[in-house]
Amino acid sequence: MTRVAGIHHVTAIAGDPQENLDFYAGLLGLRLVKRSVNQDDPTTYHLFYADKEGHPGTDITFFPWPDGRRGRTGTGQVTEVHFAIPPQALDAWRQRLNDHDIHTDETTRFSEHRLRFRDPHGLHLALVATDTTNERAFTPWEKTPIPEEHQIHGLHAVRILQRDATPIQTLSRDILGMEPIDTDQGWTRYAGQDPTSGYLEIKENEDAQRSRGGLGTVHHVAWRTRNEDESTTLQSKIQDHGLNPTPVIDRFWFKSIYVREPGGVLYELATEEPGFTVDEPLETLGETLVLPPWLEDSREKIENILPTLDLPYETNQEP
Ligand code: ZN
């Protein structure tokens, strides 16, 4: 049976792009692996942060909308995004976040200690101390002040709250092949084929408020497939189930299919290949604006509209 492997990436909505860059690349020490534009609105950025090599499952991406309105967390979306850190890194991260006036609180869920906080535009995040960091594909990024042994290893989980969780459970479990592996305080944790590469956690709460998209909310979560064949196999299953997936869309760094489940959550299926080095070398990933071919003719115009971004680390680019 074709099953998704785990999380491929999460895409969320931010405010000012420089603030977003300073937080994810500066404070959290991720690498900006791709600087592109929103293909549906090329006058705004699409920024991708990951480990040094941009492994699937390490990647969080943002549409920065500086003039957008604040969203509201609730049902029908991913409400919280968790990153994996090695257990010995927890104290250092608590200190680092507090030194930067980021308010944190701490809980233990699924026997894992987690440090919860928000990004500058309100997105709910957590760093989770987990041994899965020993097993997952990860390449440290040497241009961050975060020592290698403390670096974020990628996405650990996404949490989804629904008034009626049955439709999303059915899609995730019966169609995409994620298996329930644990429960804790009303939450059920699901794992794909590769349990180290990011979990899905779902809770049903019939009184939960409905979400509203906007700054500080997740736009969609992408689940990882090995290749286009796996994606189209799952696409047929989704169709047979009565939902309405998109055709395959070529995002250059991966191929994507989207489907919105009845409760409102937008899922994407994204292929592992070809990855972020398909259109620029590993050494200079993210340092210059990358455009899809059909927008190359408008490059000058687009570059004039987009605000300049200052990377919080030195670049390899020739001046
Ligand atoms: Zn996506």
Side-chain angles (χ1 to χ4, degrees), residues 5-10 12 21-33 48-61 78 80-119 123-159 181-182 184 187 189-201 221-222 224 272 275-276 282 285-286 312-313:
I7 301 173
H8 185 288
H9 65 268
V10 168
L21 180 64
D22 289 342
F23 187 84
Y24 286 92
L27 184 65
L28 296 187
L30 302 175
R31 183 180 190 184
L32 180 71
V33 290
F48 297 68
Y49 305 94
D51 71 341
K52 179 180 177 177
E53 296 190 29
H55 282 106
T58 66
D59 179 23
I60 184 163
T61 93
V78 169
E80 216 171 285
V81 180
H82 294 178
F83 295 103
I85 55 166
Q88 76 274 11
L90 192 74
D91 291 341
W93 276 109
R94 183 189 301 109
Q95 187 70 46
R96 180 169 176 81
L97 293 171
N98 293 344
D99 286 349
H100 286 81
D101 295 324
I102 310 286
H103 173 78
T104 56
D105 67 71
E106 298 184 42
T107 56
T108 300
R109 294 277 186 277
F110 295 104
S111 308
E112 297 162 339
H113 203 69
R114 60 187 62 186
L115 198 57
R116 298 170 72 225
F117 55 102
R118 289 185 179 212
D119 86 355
L123 185 65
H124 291 262
L125 303 171
L127 296 176
V128 181
T130 168
D131 290 326
T132 60
T133 49
N134 293 326
E135 298 154 55
R136 56 189 296 162
F138 166 73
T139 308
W141 173 226
E142 64 275 10
K143 288 194 180 181
T144 159
I146 316 288
E148 190 177 322
E149 65 274 18
H150 293 166
Q151 288 185 21
I152 290 173
H153 281 234
L155 294 157
H156 182 62
V158 291
R159 309 201 108 187
I181 55 165
D182 204 358
D184 182 55
W187 292 91
R189 174 177 273 187
Y190 296 80
Q193 190 138 22
D194 172 7
T196 67
S197 69
Y199 302 113
L200 167 66
E201 293 172 8
V221 53
R224 175 156 66 96
E272 282 171 18
F276 292 117
L282 179 64
L285 281 182
Y313 45 81

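Below, all heavy atoms of this structure are taken into account, side chains as well, without hydrogens, waters or symmetry copies.
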Novice: For Thr107 and Arg109, which heavy atoms make the closest approach, and how far apart are they?
Specialist: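 In terms of heavy atoms, the two residues are closest at CB-NH1, 4.0 Å.
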
Novice: Can you name the side chain to side chain donor-acceptor pair (under 3.5 Å) partners of Thr108, sequence neighbours left out?
Specialist: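 So Thr108 forms a side chain to side chain donor-acceptor pair (under 3.5 Å) with His113.
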
Novice: Among Asp51, Asp59, Thr58, whose side-chain hydrogen bond (donor to acceptor under 3.5 Å, both in side chains) with His55 holds?
Specialist: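 Exactly one pass, corresponding to Asp51.
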
Novice: Let me confirm one number: the CG-CD1 distance from Asp119 to Ile60, rounded to the nearest 0.5 Å.
Specialist: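 Reported value, rounded in 0.5 Å steps: 7.5 Å.
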
Novice: Can you tell me how far apart CD1 (Ile102) and CZ (Arg118) are? Round to the nearest 0.5 Å.
Specialist: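 One finds 12.0 Å between CD1 of Ile102 and CZ of Arg118.
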
Novice: Taking the side chain as every heavy atom from C-beta outward, state whether Val158 and Leu200 have any pair of such atoms under 4.5 Å apart.
Specialist: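 SC-SC contact between Val158 and Leu200 confirmed.
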
Novice: Output the distance between atom CG (Leu127) and atom CD1 (Ile152), rounded to the nearest 0.5 Å.
Specialist: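 It comes to 5.0 Å.
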
Novice: Applying side chain to side chain donor-acceptor pair (under 3.5 Å), name anything that partners Arg224, two or more places apart in sequence or on another chain.
Specialist: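 Scan of Arg224 (side chain to side chain donor-acceptor pair (under 3.5 Å), adjacent residues dropped) gives Asp194, Ser197, Glu272.
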
Novice: Would you say that Leu97 contacts Leu27 through its side chain, given a criterion of any heavy-atom pair below 4.5 Å between the two side chains?
Specialist: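 Yes; the side chains approach each other to less than 4.5 Å.
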
Novice: Considering residues at least two apart in sequence or located in another chain, which fulfil the side chain to side chain donor-acceptor pair (under 3.5 Å) criterion with Asn98?
Specialist: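 With sequence neighbours excluded, Asn98 shows a side chain to side chain donor-acceptor pair (under 3.5 Å) to Thr104, given in chain and number order.
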
Novice: Flag the pair Phe276 / Leu282 as yes when at least one side-chain heavy-atom distance between them is below 4.5 Å, and no otherwise.
Specialist: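 Not touching, per the 4.5 Å side-chain cut-off.
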
Novice: Do you know which two heavy atoms are closest between Ala191 and Ile181, and how far apart they sit?
Specialist: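 Closest approach of Ala191 to Ile181: CB-CD1, 3.9 Å.
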
Novice: Only pairs at least two apart or in different chains count here, so list each ring pair (Phe, Tyr, Trp, His ring centres under 6.0 Å) that has a residue in residues 131-156.
Specialist: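 Output for this query lists Phe138-His153, Trp141-Tyr313, His156-Tyr199.
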
Novice: Return each pair, listed once, that meets ring pair (Phe, Tyr, Trp, His ring centres under 6.0 Å) where at least one residue sits in residues 83-111; pairs must be two or more places apart or across chains.
Specialist: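 The answer is none; no pair qualifies.
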
Novice: Search all heavy atoms of Ala129 against all heavy atoms of Pro87 and return the closest pair with its distance.
Specialist: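 Distance-wise, the nearest heavy atoms are CB-CA, 3.7 Å.
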
Novice: Which pairs, with at least one residue in residues 133-155 and sequence neighbours excluded, count as a salt bridge (Lys or Arg N to Asp or Glu O under 4.0 Å)?
Specialist: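 Residue pairs passing salt bridge (Lys or Arg N to Asp or Glu O under 4.0 Å), neighbours aside: Lys52-Glu142.
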
Novice: To the nearest 0.5 Å, what is the distance between OG1 (Thr196) and CG (Asp131)?
Specialist: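 The OG1 atom of Thr196 sits 12.0 Å away from the CG atom of Asp131.
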
Novice: Looking at Thr132 and Ala84, what are the two nearest heavy atoms and their distance?
Specialist: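 Looking at all heavy atoms of both residues, the shortest contact is OG1-CB, 4.5 Å.
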
Novice: Which heavy atom of Leu123 sits nearest a heavy atom of Ala12, and at what distance?
Specialist: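 Distance-wise, the nearest heavy atoms are CD2-CB, 3.9 Å.
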
Novice: For His8, enumerate each residue passing the side chain to side chain donor-acceptor pair (under 3.5 Å) test, keeping only those at least two apart in sequence or located in another chain.
Specialist: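 Testing His8 for side chain to side chain donor-acceptor pair (under 3.5 Å), a comparison that skips the adjacent residues, returns none.
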
Novice: Do you know the tightest heavy-atom contact between Ile146 and Gly29?
Specialist: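 Result for this residue pair: CG1-CA, 3.9 Å.
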
Novice: Apply side chain to side chain contact (heavy atoms under 4.5 Å, CB included) to the pair Tyr24 and Leu32, showing each step before the final yes or no.
Specialist: CA-CA 8 Å; Tyr24 286 92; Leu32 180 71; over 6 Å; no

Novice: Considering only residues two or more places apart or on different chains, which pairs with a residue in residues 84-108 satisfy salt bridge (Lys or Arg N to Asp or Glu O under 4.0 Å)?
Specialist: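 Listed once each, the pairs are Asp91-Arg94, Arg94-Glu106, Asp105-Arg116.
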
